[in-house]
Engineer: 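Here's a structure for you.
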Amino acid sequence: MRLLLVEDDKDLVGALRPALEHAGYAVDCVDNGVDAEYLGRESIHDVVVLDLGLPQRSGLEVLRHWRADGFTLPVIILTARDSWHERVEGFKAGADDYLGKPFHVEELLARLNAVLQRSLKSAPSDQLRKSGLVLDSNTQRLTSADGQQHALTGIEFRLLRYLMLHAGKVLSKSTLMEHVYDFDSDKDSNVIEVYINRLRQVIGKDQIETRRGQGYIFKDTSTG
Ligand code: CA
């Protein structure tokens, strides 16, 4: 999952970024409302954490502009503590959830998980179940159909989570790249092929189908 973190407080970004990356997000950070609005319109992020007090353009304005133009990406706003009017304004502008500062990073991670699951219309859970596989977002471990546990690397985890959340859909290499890497990463789309092949060694080679010239499909063989 690729996350856009919009926050002008450098210390907070410095604390949040590694925690978010550790939790399996590819993170892009911007520190002003104008860049945030522009990046949100690129539709490459799966979720946004949006501070309201920003230079150049306020978070509320950014959010209103996105929603007015039909951008539905999930947004969690960061508000001043005890500022009920900011929360009300935020929800009116189209926020999916909020967190009052200061907050514990664990709470942000839990809310991100819930917002993402809702936006993908499944039940909130730390465990993603598809086609006999169970992917745990806390431990970043995979349990395969035979009950075996597998440790995944960060990229393997992000890639598999994205595939499982979009089971049954054709996903191009460039889409997978966009949702697995952030802007600072070295990008080479051949690397996706390498990771897909590694995942196939763990979950079985037929579970991820290749559509020549189009991309990959994670086959949904279950309703869970
Ligand atoms: Ca701020």
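Everything quoted here is computed from the prediction, not taken from an experiment. For ligands, and for the atoms within them, numbers begin at 1 and follow the listed sequence.
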Engineer: Distances under 3.0 Å only: what protein N/O/S atoms are near the Ca ion (ligand 1), ordered by chain and residue?
Structural biologist: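 Checking every protein N, O and S atom gives D8 OD1, D51 OD2, G53 O.
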Engineer: Strictly below 4.0 Å, N to O, side chains only: are R141 and D136 in salt-bridge contact?
Structural biologist: no
Engineer: Specify whether Y162 and H179 have parallel, tilted or perpendicular ring planes, treating 30° as the upper limit for parallel and 60° as the lower limit for perpendicular.
Structural biologist: parallel
Engineer: For residues E209 and R200, report the shortest heavy-atom separation together with the two atoms involved.
Structural biologist: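 Residues E209 and R200, closest heavy atoms: C-NH2, 3.7 Å.
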Engineer: Does any non-hydrogen side-chain atom of L3 lie less than 4.5 Å from one of D28?
Structural biologist: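 Not touching, per the 4.5 Å side-chain cut-off.
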Engineer: Salt bridge or not between D9 and K101? Use side-chain N to carboxylate O under 4.0 Å.
Structural biologist: no
Engineer: Taking all non-hydrogen atoms of both residues into account, name the closest pair between D96 and P74 and its distance.
Structural biologist: OD2-CA, 3.2 Å
